[in-house]
Amino acid sequence: MTETLIFDSDWLTPEQIQLAGKTIKYLAAHDIQYVQHPVAPIQRLNVFVPAAYENGGTVNGYTRDTAPIFYAKYSWWVFPGPADDPTRTQWPNNAATIKQALKRGYVVIAAGLRGHTTVNEAGQRVGQAPAFIVDMKAAVRYVKYNQARLPGNVERIITNGTSAGGATSALMGASGNAKFFEGALTSLGAAPATDDIFAVSAYCPIHNLEHADMAYEWQFNGINDWNRSQPVAGSMKNGRPKFESITGTLSANDQSLSADLKRQFCDYLNGLQLHDANGQALTVSPDGTGTFQNYLVQLLTDSAQSALDKGVDIHKYAGFTVTNGKVTGLDLKAYLTSLTRMKAVPAFDQLDLGSLENRLFGDATVLNRHFTSFSQEHTTVPAQLAETELVEAVNPLTYLTGKQSAKIAQHWRIRHGAADRDTSFAIPIILATVLQNQGQDVDFALPWDIPHSGDYDLGELFAWIDGLCQ
């Protein structure tokens with residue numbers, strides 16, 4: 001019965017934290033079950049409310065009824081993400097962001113979401129795709145169902161996340177009320193409400209996985225040495241793994257696969273029929289060049305110029321020409337070579353099923369599955385291919401390009417660092433451009449010298465939110 005999903009305001013109790021030497025007072029309700037039939041203990045959420053709202057006060061111009069509802073989501077890719085807390089110290093956490101959001105006057109929701117290692121009481125895996133987005137939708141539906149009982153404006157829900165959390169945020173914004181997820185939501189006993197949201201903040205969203213390998217080779221083809229850090233097996237301490245550096249060089253076969261994927265990306269990109277703000281078609285030639293590549297060069301040049309104007313030495317990376325204080329040219333290949341390749345081939349759908357993304361598409365009986373026909377055709381181990389409908393369902397572009405209908409968020413802020421090697425620059429550019437071409441409000445940038453990370457510009461993020469909500 002839906003009565004089990006009714007929020008009780010008596011659950012909110014006073015708490016406080018220290019932030020930059022100042023005390024931030026707030027009300028908190030912890031460990032709230034947001035579905036009637038949970039399959040794992042992690043399916044609970046926390047609510048945090050600025051204390052001033054208890055007595056009719058205001059914070060930053062907001063009241064109890066007008067305050068934006070901010071969904072703070074940190075996720076280390078497809079691992080389970082417990083409901084966060086401003087006092088949480090165990091890695092990973094989003095405590096710093098929650099503190100700043102409370103200070104700003106936002107109502108904060110932190111929902112626990114299943115990941116690929118989540119199991120039920122019987123020890124069965126219950127966290128593979130689409131579990132993470134189903135749980136997020138259920139958490140949003142819980143809040144909307146309780147709109148008369150919970151503080152905050154349910155018409156001003158903003159999701160925020162980094163990496164996999166960024167992908168979750170983007171997927172929430174693109175797939176509002178999508179029919180694909182209704183069966184899973186009904187099975188869990190989600191609240192009878194909608195799950196569309198107002199705005200999206202996405203930092204370096206790892207998404208569009210069925211095309212991410214192609215995009216990575218379009219960007220790094222011809223750069224054959226790679227290096228990255230990876231967690232050491234069995235090294236977890238206080239919830240945080242140790243990392244080790246590994247390096248490698250693409251074999252002749254790898255280089256051949258890279259060329260094949262690059263060619264496939266050209267077909268994919270051109271089929272999207274993108275255009276820039278001036279109406280110019282953004283396309284890629286068979287050799288990888290073209291107006292789309294020129295657009296990337298311009299975005300990187302703008303990022304470098306912004307840094308240069310602040311006195312930053314942009315020559316940490318190769319390829320830039322500077323004349324009289326202006327960035328006048330960029331040799332993209334030189335820049336990417338100095339940035340370095342991070343991943344081998346394929347970058348995501350690995351031929352030996354060794355990536356976390358492969359685990360995302362496993363199921364209760366099969367740990368890992370391929371999610372592209374390319375990797376299935378070239379697999380080096382016995383493998384199954386995930387259902388196309390499932391792979392498409394967790395890709396925001398599926399809804400933005402009209403393959404499935406959904407209610408799309410009105411406002412988007414997308415950030416992908418200019419030093420981020422985890423996925424191709426093309427992936428966030430495609431997301432932002434598709435949205436812009438559809439007339440959505442999009443704030444997109446490649447911040448200078450920022451690696452794969454998020455929440456590094458909270459002042460700017462919150463100013464963007466205030467500009468939409470005040």
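Note: hydrogens, waters and symmetry copies are ignored here, and every other heavy atom, side chains too, is used.
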query: Hey, is the main chain of Phe7 close enough, under 3.5 Å, to the side chain of Asn146 for a donor-acceptor pair?
result: yes
task: List the atom of Gln376, the atom of Leu385, and the distance in Å for their closest heavy-atom pair.
output: OE1-N, 3.7 Å
- prompt: Is there side-chain contact between Tyr26 and Pro86, with heavy atoms separated by less than 4.5 Å?
  reply: yes
Charged N-O contact under 4.0 Å between Glu389 and Lys403: no
query: From Leu261 CG over to Asn221 CG, what is the distance, rounded to the nearest 0.5 angstrom?
result: 9.5 Å
Any donor-acceptor pair under 3.5 Å from Thr118 side chain to Val126 backbone: no
field: Test item: side-chain donor near acceptor, Gln128 and Asp363, under 3.5 Å
entry: no
- request: Rounded to the nearest 0.5 Å, what's the gap from CZ on Arg88 to CG on Asn94? Could you check?
  value: 10.5 Å
task: Look at the aromatic rings of Tyr203 and Tyr456 and report parallel, tilted or perpendicular, splitting at 30° and 60°.
output: perpendicular
Flag, side chain of Asn368 to backbone of Leu353, donor-acceptor distance under 3.5 Å: yes
field: Whether Phe70 and Tyr106 hold their rings parallel, tilted or perpendicular, with breakpoints at 30° and 60°
entry: tilted
statement: Shortest non-hydrogen pair, Ala167 vs Pro205, comes out as N-CB, 3.6 Å
message: When you compare the side chains of Thr283 and Asn270, does any donor N or O come within less than 3.5 Å of an acceptor on the partner?
response: no
message: Is the distance from the ring center of Phe361 to that of His116 below 6.0 Å?
response: no
query: Roughly how far apart are Thr380 OG1 and Leu351 CG, rounded to 0.5 Å?
result: 5.5 Å
message: Show, in sequence, the C-alpha distance, side-chain angles and deciding distance for Leu435 and Phe444, and conclude whether the side chain to side chain contact (heavy atoms under 4.5 Å, CB included) test is met.
response: CA-CA 11 Å; Leu435 287 163; Phe444 174 63; over 6 Å; no
message: Ignoring hydrogens, what is the shortest heavy-atom contact between Ala419 and Leu339? Give both atom names and the distance.
response: CA-CD1, 3.5 Å
- prompt: Does a donor on one side chain and an acceptor on the other come within less than 3.5 Å for Thr291 and Asn294?
  reply: no
- prompt: When you measure from the side chain of Ser201 to the backbone N and O of Thr159, does any donor-acceptor pair fall under 3.5 Å?
  reply: no
query: Does a side-chain heavy-atom distance below 4.5 Å link Thr365 with Gln384?
result: no
query: How would you list, by chain and number, every residue that makes a side chain to side chain contact (heavy atoms under 4.5 Å, CB included) with Leu458, sequence neighbours excluded?
result: Thr97, Gln100, Asp455, Leu461, Phe462
- request: Could you give me the CA-CA distance, side-chain angles and deciding distance for Glu210 and Phe348, then say whether side chain to side chain contact (heavy atoms under 4.5 Å, CB included) is met?
  value: CA-CA 9 Å; Glu210 60 266 51; Phe348 296 93; over 6 Å; no
message: Between Gln404 and Thr398 (side chain of the first, backbone of the second, donor and acceptor by atom type, cut-off under 3.5 Å), is there such a pair?
response: no
- prompt: Got Leu250 and Arg341 here, is their nearest side-chain heavy-atom distance under 4.5 Å?
  reply: yes
- prompt: Taking atom types as modelled, is there a side-chain donor on Gln298 or Asp302 under 3.5 Å from an acceptor on the other?
  reply: yes
message: I'd like to check Leu5 versus Gln36 (side-chain heavy atoms, cut-off strictly below 4.5 Å). Are they in contact?
response: yes
- prompt: Within the side chain of Asp466, is there an N or O that forms a donor-acceptor pair under 3.5 Å with the backbone of Gln470?
  reply: no
- prompt: Given the rule in the side chain to side chain contact (heavy atoms under 4.5 Å, CB included) test, do His275 and Gln280 qualify, once you have shown the distances and angles that lead to the verdict?
  reply: CA-CA 5 Å; His275 59 82; Gln280 180 186 43; 5.9 Å; no
Main-chain N/O of Gly152 paired with Arg156 side-chain donor or acceptor, under 3.5 Å: no
task: Give a yes or no on this: more than 12 heavy atoms of other residues, nucleotides or ligands lie within 6.0 Å of atom CD of Gln273.
output: no
- prompt: Can you tell me if Ser285 uses its side chain to pair, donor with acceptor, with the backbone of Gly290 under 3.5 Å?
  reply: no
- request: Without swapping roles, check the side chain of Asn177 against the backbone of Asp195 for a donor-acceptor pair under 3.5 Å.
  value: yes
task: First locate atom CZ of Phe180, then atom OG of Ser175, and finally report the distance between them rounded to the nearest 0.5 Å.
output: 10.5 Å
message: If you count heavy atoms of other groups shown closer than 6.0 angstrom to CD of Glu182, is the number above 12?
response: yes
Distance in Å, Ile197 CD1 paired with Tyr71 OH, rounded so as to fall on 0.5 Å steps: 9.5 Å
- prompt: Would Leu269 and Gln293 count as a side chain to side chain contact (heavy atoms under 4.5 Å, CB included) if you check the C-alpha gap in whole Å, the side-chain angles of each, and the deciding distance to 0.1 Å?
  reply: CA-CA 11 Å; Leu269 188 283; Gln293 186 185 78; over 6 Å; no
- prompt: Of the non-hydrogen atoms in Ala29 and Ile32, which two are nearest, and what is the gap between them?
  reply: CB-CD1, 3.8 Å
- prompt: So do Lys144 and Ile157 actually touch side chain to side chain, heavy atoms under 4.5 Å?
  reply: yes
Heavy-atom closest pair, residues Pro50 and Val59: CB-CG2, 4.1 Å
message: Nearest 0.5 Å, please: how far is CD in Gln264 from CG in Asp213?
response: 9.5 Å
query: Taking C-beta and beyond as the side chain, do Asp420 and Pro451 meet within less than 4.5 Å on heavy atoms?
result: no
Aromatic ring pairing Phe181/Tyr399, orientation class (parallel under 30°, perpendicular over 60°, tilted between): tilted
field: Residue pair Arg415, Asp443: steps toward the salt bridge (Lys or Arg N to Asp or Glu O under 4.0 Å) verdict
entry: CA-CA 8 Å; Arg415 292 293 183 269; Asp443 182 338; 2.8 Å; yes
Contact check, side chains of Lys343 and Phe220, non-hydrogen atoms, under 4.5 Å: no
- prompt: Do Asn153 and Asp65 have a side chain donor and acceptor closer than 3.5 Å?
  reply: no
task: Identify the heavy atoms of Ala111 and Leu45 that sit nearest to each other, and give their distance.
output: CA-CB, 3.8 Å
- prompt: Can any side-chain N or O of Asp349 pair as donor or acceptor with the backbone N or O of Thr372 at less than 3.5 Å?
  reply: yes
- request: Determine whether the aromatic ring centres of Phe320 and Trp448 lie less than 6.0 Å apart.
  value: yes
field: Check: Cys204 and Thr162 side chains under 4.5 Å, non-hydrogen atoms
entry: yes
- request: May I ask you to check whether Phe292 and Trp218 place their ring centers less than 6.0 Å from one another?
  value: yes
